[in-house]
Amino acid sequence: MVSAVLQTSFLGDMVLTTPLLERLAGEGLVHVVATPANAVVLANHPAVASVIVFDKRGADRGLSGLRRVAERLRKVGAQRAYLAQGSARTAALAWLARVPQRIGFETSGGKFFSTRRVPYDRTLHHAARLWQLANVLGDDRSVPTSLRPSLYPGAADEQAVDALLRAHHVSAETPLIALAPGSVWATKRWPSYAALGAALAELYATDTVRLVILGAAGDAPLAQAIADAVAVRGGAPVINATGALSLLGSAAMLRRCRVLITNDSAPLHLASAMNTPTVALFGPTVPSLGFGPLAEHRVVLGRTELACRPCHAHGPMRCPLGHWKCMQELAVSDVIEAAQSLTTVSSASPP
């Protein structure tokens with residue numbers, strides 16, 4: 001059986017699609033249609049036979065681009081297409097490629113291009129929902145209890161991490177705590193990371209613990225604010241990796257960290273793939289939407305008593321009510337307590 005998986009959504013969605021890819025790889029070749037940004041995280045992945053890049057907002061936009069990518073997809077000879085990203089455009093791509101069986105969710109915008117529609121179970125984690133796309137008719141196989149995504153950083157990614165740590169005079173034995181203060185969605189960004197950095201600098205003043213800041217190049221101002229706050233408290237210089245590592249390089253860095261403290265954003269899913277203990281800060285979104293951490297050791301913090309949560313599937317750019325209590329009132333002390341509980345666990349049993 002040759003399968004095609006079409007996933008052209010956000011980075012986190014691609015990471016969460018990897019359990020489905022691994023399941024399908026047990027049945028035959030798996031080809032993946034991905035955006036340029038998402039394609040890079042599949043490098044070295046043993047479940048992936050090839051990646052077909054669909055630059056839907058760039059070189060492949062419009063009908064001519066859709067047809068061009070459909071022709072590339074047609075040539076791999078897939079008998080089944082799994083519509084992990086359910087937009088009408090992505091579903092039409094599988095139809096244009098003449099893939100005979102096209103499986104998608106019954107709630108998807110492109111469901112009219114599907115030959116089989118699978119229920120979208122809102123009680124499941126999204127990785128589990130995607131995994132269940134491979135259930136054939138009459139197959140009610142249970143989702144594995146230890147379901148986690150998987151990524152495979154290569155030698156170049158590991159070498160980039162080594163070089164960055166050497167540049168900051170960090171040895172292989174130095175304990176690392178990762179912070180990921182960014183998010184595409186403004187209301188998902190916890191505003192107290194600088195205060196957290198200062199508090200951690202005081203807490204570990206006599207230890208060798210170092211802070212690593214992960215994120216995209218655009219997160220550099222957030223990283224600088226943390227670095228400045230740590231410096232004021234006399235803490236060891238932070239390791240600013242924003243924009244310095246590839247996505248798989250960031251995953252490789254996370255594999256070396258005792259714990260990650262992150263917003264509901266892509267690093268959360270990278271940490272799940274690396275099984276790095278995770279403190280996840282949820283504000284406008286909630287884990288029950290299906291995108292919480294999957295690392296074996298994890299803590300989710302959020303203002304559960306706020307009736308306005310969740311206010312958006314992704315997190316709006318501004319708080320609809322103007323108060324942003326869901327993030328403003330998350331206490332630094334609670335975050336530190338959660339991180340300490342996980343670092344104790346991870347010290348006893350490394351991820």
Side-chain angles (χ1 to χ4, degrees), residues 11-12 161 164-165 168 170 174-205 207-245 247 249-283 293 295 297-302 327-328 330-343 346 351:
L11 170 64
V161 173
L164 183 63
L165 294 178
H168 287 82
V170 176
T174 301
L176 302 174
I177 293 177
L179 309 181
S183 172
V184 172
W185 310 96
T187 55
K188 283 185 177 181
R189 298 179 206 135
W190 185 49
S192 300
Y193 273 99
L196 173 65
L200 290 172
E202 287 191 353
L203 181 64
Y204 295 111
D207 297 322
T208 59
V209 174
R210 299 289 294 273
L211 301 183
V212 179
I213 316 300
L214 293 174
D219 298 321
L222 299 174
Q224 189 60 54
I226 297 170
D228 291 344
V230 169
V232 167
R233 298 297 176 91
V238 304
I239 303 161
N240 184 357
T242 57
L245 297 173
L247 289 167
S250 295
M253 176 68 86
L254 281 168
R255 183 157 50 194
R256 306 187 193 195
C257 293
R258 295 283 184 87
V259 65
L260 167 69
I261 301 169
T262 180
N263 305 319
D264 174 18
S265 59
L268 181 155
H269 305 299
L270 299 181
S272 292
M274 296 295 102
N275 204 20
T276 301
T278 303
V279 178
L281 311 180
F282 277 74
H297 302 297
R298 58 191 184 265
V299 174
V300 173
L301 296 179
M327 281 303 210
Q328 292 275 18
L330 271 182
V332 168
S333 58
D334 291 339
V335 175
I336 291 178
E337 181 180 354
Q340 286 183 306
S341 71
L342 293 181
T343 52
S346 63

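Along the sequence shown, the residues carry numbers beginning at 1.
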Heavy-atom closest pair, residues [X] and [Y]:
X: A194; Y: A225; result: CB-O, 3.8 Å
X: G12; Y: H269; result: CA-CD2, 3.6 Å
X: A236; Y: V230; result: O-CG1, 3.4 Å
X: R189; Y: G182; result: CG-C, 4.1 Å
X: A338; Y: S341; result: O-OG, 2.6 Å
X: I213; Y: A223; result: CG2-CB, 3.5 Å

Verify, without hydrogens or angle tests, whether [X] (side chain) and [Y] (backbone) share a donor-acceptor contact under 3.5 angstrom.
X: S192; Y: W190; answer: no
X: S272; Y: L268; answer: yes
X: D219; Y: A216; answer: yes
X: R298; Y: P293; answer: yes
X: S183; Y: W185; answer: yes

Do [X] and [Y] make a side-chain contact, defined as non-hydrogen atoms from C-beta onward lying under 4.5 Å apart?
X: V238; Y: R210; result: no
X: R256; Y: L165; result: yes
X: D334; Y: V332; result: no
X: H297; Y: V259; result: no
X: I177; Y: V209; result: yes
X: I239; Y: V170; result: yes
X: L196; Y: I336; result: yes
X: T262; Y: T278; result: yes

What's the spacing between [X] [atom1] and [Y] [atom2] if we round to 0.5 Å?
X: R255; Y: T276; atom1: CZ; atom2: OG1; value: 8.5 Å
X: M327; Y: F282; atom1: CE; atom2: CZ; value: 9.0 Å
X: L254; Y: L260; atom1: CG; atom2: CG; value: 5.5 Å
X: L214; Y: N240; atom1: CG; atom2: CG; value: 9.5 Å
X: I226; Y: L211; atom1: CD1; atom2: CG; value: 8.0 Å

Problem set entry | Donor-acceptor side-chain pairing of S265 and N263 below 3.5 angstrom | no
For this session: Let me see the working for V299 and L301 under side chain to side chain contact (heavy atoms under 4.5 Å, CB included), right down to the final yes or no.
Result: CA-CA 7 Å; V299 174; L301 296 179; 4.0 Å; yes
For this session: Could you walk me through whether M253 and L176 pass side chain to side chain contact (heavy atoms under 4.5 Å, CB included), step by step?
Result: CA-CA 9 Å; M253 176 68 86; L176 302 174; 4.2 Å; yes
Exercise. Does CD belonging to Q328 count more than 12 external heavy atoms closer than 6.0 Å?
Worked result: yes
For this session: Check the pair L281 / Y193 against side chain to side chain contact (heavy atoms under 4.5 Å, CB included), numbers first and verdict last.
Result: CA-CA 11 Å; L281 311 180; Y193 273 99; 3.7 Å; yes
